[in-house]
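Everything below concerns the one structure shown next.
Note that the structure is a prediction, hence the values are computed from the model and not measured. Letters A, B, ... are given to chains in the order of the sequence lines, protein chains preceding strands, and every chain is numbered from 1.
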Protein chains: 2
Amino acid sequence: MDFTVKDVIHVERYHVFEAHLLKEGKALFYLGEKTYEVHSFQMNESEYAIRFMPREEGLWRYTVISDNTEENGKFNCVPNTGNNHGMVHAEGFHFRYDDGARYLPFGTTCYAWIHQPEEIQEETLRSLDSAPFNKIRMCVFPKHMPYNHNEPEYFPFGKKADGTWDVRKPEPRFWQNLEKRIGKLGNMGIEVDLILFHPYDRWGFSTLSMEECLVYLNYCVARLGGYRNIWWSLANEYDLITARKTEDWETFGRTLVEKDPYHHLISIHHCFTPFPKADWMTHCSMQTGLVRNALLWRKEYQLPVIIDECGYEGNIEFGWGNLSAFELVHRCWSAVSSGAYVTHGETFFREDEVLWWAKGGVLRGEGVVRLRFLKDLLSGLPQELDPLPSPKWLPNPNESKPNEGEGAEGIVAALLKMPEAERNRLVLELRPALVGSPDYRLEYLGRTCPVFRDLELPETGSYQVDVIDIWDMTCKTAEPDTHGKIRINLPGKEGIAVLVKRLSSQGL
Amino acid sequence: MDFTVKDVIHVERYHVFEAHLLKEGKALFYLGEKTYEVHSFQMNESEYAIRFMPREEGLWRYTVISDNTEENGKFNCVPNTGNNHGMVHAEGFHFRYDDGARYLPFGTTCYAWIHQPEEIQEETLRSLDSAPFNKIRMCVFPKHMPYNHNEPEYFPFGKKADGTWDVRKPEPRFWQNLEKRIGKLGNMGIEVDLILFHPYDRWGFSTLSMEECLVYLNYCVARLGGYRNIWWSLANEYDLITARKTEDWETFGRTLVEKDPYHHLISIHHCFTPFPKADWMTHCSMQTGLVRNALLWRKEYQLPVIIDECGYEGNIEFGWGNLSAFELVHRCWSAVSSGAYVTHGETFFREDEVLWWAKGGVLRGEGVVRLRFLKDLLSGLPQELDPLPSPKWLPNPNESKPNEGEGAEGIVAALLKMPEAERNRLVLELRPALVGSPDYRLEYLGRTCPVFRDLELPETGSYQVDVIDIWDMTCKTAEPDTHGKIRINLPGKEGIAVLVKRLSSQGL
């Protein structure tokens, strides 16, 4: 047997252990009662590799099986350091790193940035370095669409004699570049929401056969699964890919769960119709401008919800790509105040067609700094926020009975006579964008412009009330220490939120 | 028989001819082959009156029948003058005055202004005098609601011995004031969209018996039907009035059509569920913040659509009453660009609770002047605007087939897989807010911020393209004389519209 092991002595927890082989093979890794099986992938015409990410500290033993021989080895997994907190996993409606650190997704979108010239890729990394984003939505396959006409330098596969893609012939330079980018992003604390399929295609990647797709998926798992910051996004806008049926996506999902020993996060992103709940889904990756729909999706999926496309800040000709900065920031606050997370994107017209949302480059929107403000604010609250119940008089979405309540019988009766779909939508509008935790309560007032808000805090205890301006990025204490029924004065403009913090005594 | 006739010699067309009687009675009015029958109404304890609005010039003859006697008379109907264009009626999806003059509804809302102290009523009239509004939504009955706690000076009826309302005992001072206001508004060119019932009640007007309601409606018709500027609004938010069933409203509608010899405009306004189409309806009086729904309602009702409540500019605590001025103006432009008309309202907090939407007083919003700009712009176009077809690739609302189109098959297929209600809502969002006439084409770009718009004008002919800023109230000519495929530069901000005018040759 012929293989070489790099970095055999010490591997940091959640880093990649890599072994090189001359033939295909697999490896088993053992620690205590844990066993992981990982498969090799082809590096180039003459070389294969095995990658493994240890998630527990200690002395790992392994057996590499290749070419009918076995070889054993061991390495020491040492504690993770600095920015390395391990993989992100779902916990209830939220996310957390493996080492217990908090992770609040604030993603951005650069679908085809790895298919751009080297200098643009480097520029993108510099931009990300000074941006607040900790997740990036990006595709393996190149993108064909308005503002996306340039040909990438490398493709993931070589071609057969007949000119079609040979999925068994990976193009080393493509994958080396991709994993270089994944590694760099990992060091920057940025999760890679890797989009495995998408509809915007002129090369034939969206119409591979099912068998070819599975070869490709297995390759992705073997080659990239060892990176702690990989998330699998089965598709961008799966419902626009006409070559695939629902069952195909189910097959892909199950394949990933089966083959990925680490169980990285898995989602599938839609354009018009959300994919039905499936066992392999770890969270919802949604598209909508009506981000308050997150409330319904949380209920339906019982998973964390990320609105991965709510429209992009920009000024191009398409409705999805010409939101004002305020509208983007407003949608992000609405999403967060509906118990969801949200992903940023920018589409500012440039003659050279280098638009952030597809190609990366530079950020120029006014939203970024305000998303940082939101991220910092949420990160500063030590508890995750979940939607609080509707006011008593308002029926819950998807429920034909109102909450118990006094008064407003006419309104409740009239609401209950509406068709359910219409009522649900209306209730979402009527319902306050209100989330809370044991010690915090955040209400986002959206585009409404009230000059006051009446709060009913508990009659005893001590509470601080802050008024937040999402655009001016201020957080001013309106009441440093209060309780009971109070009226808070507000500036009467769009984009105001009210944060209540419990200082002592009773719950909110 | 005892009656006196005022102003018997000459009555201006569309003015009120009035005869006073000592007993109940009715009258027949003749001109050529036309006959109108009108009933008397009680003015006070000892006096009745008959009112008649002649709509044709010439010598009218009449017979008054009362107390078992008949008396004949005649008067001369002379041409209408000045601001008097007669009644407004529906024509297709639009409105017109009886004398052929154009009428583009730009209403406002002062539900309970006639129930306020005299000085506020006078202030309201002064405000209206310098405002652009040509319709007002106002109630016969007083209003009970937040910011509406004061007791009116007069009620429409006296009371029975048991303290309940006696609908057969009209309170003269109430009705004299109401008709004084109607007359004054008529002189100002303002139509009175008179709300006959509403749910916001602490006095018992919303729970009268059906018999009492019909007595009241007959009284309204006899007393107020002669005013050219009356529209009958059966209800504000009929679906919140728990005492009434759908059949009751049908009865009211049929009663008005039967008893009102002039067939004034009739509508019924909803809160959550639009009233089903009925023969007696002349137009739709809708409530929604999603004003683009007008496209669906036009299709469903085949009637003119007025969004009579799209939310109010203001800063109170309720979501319906704290729109920014921009949001209100934006909704108005969206409505107009969806083939509908729209009604204004203001709810700015005041300690004295005198909010325009209920009580009148003074206007302080930034929307009014911008609605004037919109009204002037539309009035300046000599043709009414109707929705233009969707782009080829987009299915029409309520249609499960897409338009014929090339490309975008994936998008069309995905759209068609959506549940119909969801698809309809989405198509409304995706569809351009585009209306046109033989010589004009107006597209409102809403909150989108594109820096250009590509237009495909006919390859021959001459067209002028103007760019409108709905907030800055500017209309700048981008292309004084053009044709074919062109790109128009835009400022990349919210609230922009593009107006194309055909100067010569082919249609748009």
Side-chain angles (χ1 to χ4, degrees), chain A residues 199 206 237-243 270-273 288-290 311 313-327 348-349 408-411 413-423 425-426 429-430 432 445-454 487 490-494, chain B residues 199 206 237-243 270-273 288-290 311 313-327 348-349 408-411 413-423 425-426 429-430 432 445-454 487 490-494:
Chain A
S206 66
E237 300 184 340
Y238 84 91
D239 47 341
L240 300 192
I241 305 179
T242 48
H270 74 278
C271 180
F272 298 125
T273 305
T288 186
L290 303 170
E313 182 185 352
N315 57 19
I316 58 171
E317 67 268 50
F318 306 109
W320 47 262
N322 53 29
L323 302 188
S324 68
F326 183 87
E327 178 67 21
F348 285 97
F349 179 81
E409 291 84 3
I411 291 180
L415 274 170
L416 293 180
K417 280 181 193 152
M418 297 180 79
E420 185 177 331
E422 281 179 46
R423 184 178 65 244
R425 194 184 44 63
L426 186 65
E429 274 176 55
L430 295 175
L445 300 172
R447 285 196 176 270
T448 71
C449 307
V451 281
F452 62 85
R453 192 72 173 170
D454 291 332
R487 174 164 289 192
L490 300 175
K493 60 187 277 208
E494 296 184 349
Chain B
S206 65
E237 301 184 341
Y238 82 91
D239 47 341
L240 299 192
I241 305 179
T242 47
H270 74 279
C271 180
F272 298 124
T273 305
T288 185
L290 304 170
E313 180 185 354
N315 58 16
I316 58 171
E317 67 268 49
F318 306 109
W320 48 261
N322 54 27
L323 302 187
S324 69
F326 183 87
E327 179 66 22
F348 285 97
F349 179 81
E409 290 84 4
I411 291 180
L415 274 170
L416 293 180
K417 279 181 194 154
M418 298 179 78
E420 184 176 331
E422 282 179 43
R423 184 178 65 244
R425 195 185 41 69
L426 186 66
E429 274 176 54
L430 296 174
L445 300 172
R447 285 196 177 271
T448 73
C449 307
V451 281
F452 62 86
R453 192 73 174 168
D454 291 331
R487 174 164 289 193
L490 300 175
K493 60 187 274 207
E494 297 184 348

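- Panel note: side chain A:N315, backbone B:C449; no donor-acceptor pair is recorded below 3.5 Å.
- Comparing A:R453, A:E429, A:R425, A:E313 by how many heavy-atom pairs each has under 4.5 Å with chain B, the most go to A:R425.
- Proximity to chain B is limited to the side chain of A:T242, based on heavy atoms less than 4.5 angstrom apart.
- Residue B:L445: no heavy atom, backbone or side chain, is found under 4.5 Å from chain A.
- Rounding to the nearest 0.5 Å gives a distance of 9.5 Å between CZ of B:F452 and CG of A:N322.
- Of the atoms belonging to A:L323, it is backbone heavy atoms, and not side-chain ones, that fall under 4.5 Å from chain B.
- Ranking A:G492, A:P199, A:S324, A:G289 against chain B, the residue ahead of the rest is A:S324, based on heavy-atom pairs under 4.5 Å.
- Rounding to the nearest 0.5 angstrom, the gap separating the OH atom in A:Y238 from the OG1 atom in A:T273 is 5.5 Å.
- Looking at A:R447, both its backbone and its side chain come within 4.5 Å of chain B, counting heavy atoms on both sides.
- Between the side chain of B:T448 and the backbone N or O of B:P450 there is no donor-acceptor pair closer than 3.5 Å.
- Within the 4.5 angstrom heavy-atom criterion, no atom of A:I241 approaches chain B.
- By number of non-hydrogen pairs under 4.5 angstrom with chain A, the leading residue of B:E317, B:K493, B:E422 is B:E317.
- Closest of all the heavy-atom pairs between B:F272 and A:L426 is CD2-CD2, 3.0 Å.
- Heavy-atom minimum distance, A:F349 versus B:V451: CB-CG2, 3.9 Å.
- Interface remark: A:E237 contributes no atoms to any contact with chain B (heavy atom separation under 4.5 Å).
- Contact annotation for A:E494: only side-chain heavy atoms (C-beta onward) come within less than 4.5 Å of a heavy atom of chain B.
- In this structure, A:D239 and B:K417 have side chains that are not in contact, with every pair of non-hydrogen atoms separated by 4.5 Å or more.
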